[in-house]
Amino acid sequence: MVKIPKVTRRKAIYLGGTTLATTLLTGWLRHPKSLKAYAARKGLLYGSAAAYSKLSENQEFARRFIEECAILTPENDLKWHKIHPKPNDYDFSRGDWLAEFAKRHKLKMRGHTLVWHQSIPKWLKETANPQNAESILKEHIMTVAGHYQGLIHSWDVVNEAIEVRDGHPLGLRKSPWFQWLGKDYIDIAFRVAAEADPHALLFYNDYDLDYDIPHQNAKREAVLNLLRSLKEQGTPIHGLGIQAHLSGPETRFNAEKLKQFLADVASLDLKIMVTEMDVYDRGLPYDYEKRDRRIAEVYEMYLNTVLEEPNVIGVLTWGLSDRYTWLSKHRPRNDKAPVRPLPLDREFKPKLAWESIANSFASST
Ligand code: XIL
């Protein structure tokens, strides 16, 4: 083996007057290694939903999560059925673990969610009625949002309250909460959340706001009307979460309509976050290359549009890796092949969708 004298070795890392360190640094500045870094350069947040069970069990996943994400949404661990399993019993164990994980790794945390028509525990269904529902709701929100006071960047206070197909003149979903309390449950929830955690941004969160199809056009209008009336009443609401569960084969995307909607929301002095993005691949070819290319294209087209709106403050995907996605169960492919809706593959390696998200952040102004 030839022994290289020390001095020559040191010289070898000089590249035309700059050191290797400088070259790596400028390379990194031009091409950061993580989605959170791409987002941060534009003053944006990138993050993902994750479950306590996955982050606590899989160290490699946890490591990749911390590398890529600046903000974490507990996927199910703060929902009613998990956190409030019995009338007088709260279980903060999983949420506390996630809050501690977030703190230790300097991640922000989202709260999801305080009022939803799903994940209603059996005891609540059986005991709630128009007389007691308001006090049950208030107690839950005070307790849960109070427990995490100061730790939450933004709460999805009310989730999915609009369903135009339910036939209500304002498009309100006939959820159990609506049936118990009428439309006031929404305002009540925000007021109590503001009291319980005055530091958190309070969001209304919903899906099917993305495409130029009759149902979604009507839903955007109903959501906008809801937000307008909440602002008029002085409800303490600070933002809209657009879930963005997108469809790979869907082509009826209209950038102008979506931009107009976001501009209308922004004109109400509301912030906007993409809270649950993924692109389901049912109906796309089996071939990985073709499938990944289309999924990536959808990510880029959507985010390029959304990120034009200055009130957008961040983007979260509903999961980081194809290994852990709700779509495996909720939208399986007809050919039973594993689904590929997220930025990282099952081995936590970046896919084309990762590149697309990075490109969208990089090209946003
Ligand atoms: C989903 C979870 O990912 C699943 O694990 C669970 O079985 C059902 O809920 N909109 C939301 C999220 O606001 O809470 C949902 O999460 C996905 C759709």
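Order of listing sets the numbers, starting from 1, for every ligand and every atom in it. Residues: numbered from 1 along the sequence shown. This one's a predicted model, so the numbers in the text were calculated from it and none came from an experiment.
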> Quick one: list whatever passes side chain to side chain donor-acceptor pair (under 3.5 Å) with Glu256, sequence neighbours left out.
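Only Lys259 meet the side chain to side chain donor-acceptor pair (under 3.5 Å) criterion with Glu256.
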> Not counting sequence neighbours, list each pair that qualifies as a side chain to side chain donor-acceptor pair (under 3.5 Å) and has a residue in residues 175-186.
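The answer is none; no pair qualifies.
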> Mind running salt bridge (charged side-chain N to carboxylate O under 4.0 Å, His left out) on Glu250 and Arg252 for me, showing each step along the way?
CA-CA 6 Å; Glu250 180 57 75; Arg252 291 166 292 175; 2.8 Å; yes
> In order of chain and number, which residues sit within 4.0 Å of ligand 1 by heavy atom?
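Ligand 1 is contacted, at a heavy-atom distance under 4.0 Å, by Glu75, Asn76, Lys79, His112, Trp116, Asn159, Glu160, Gln243, His245, Glu276, Trp318, Trp326, His330.
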> Do Thr317 and Asp278 have side-chain atoms, one donor and one acceptor, less than 3.5 Å apart?
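Asp278 and Thr317 do not have a side-chain donor-acceptor pair below 3.5 Å.
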> What orientation do Phe253 and Tyr302 show, parallel under 30°, tilted 30 to 60°, or perpendicular over 60°?
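Phe253 and Tyr302: tilted rings.
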> Return the set of residues passing side chain to side chain donor-acceptor pair (under 3.5 Å) with Lys219 (not counting sequence neighbours), or none when no residue passes.
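For Lys219 the side chain to side chain donor-acceptor pair (under 3.5 Å) partners, ignoring immediate neighbours, are Asp206.
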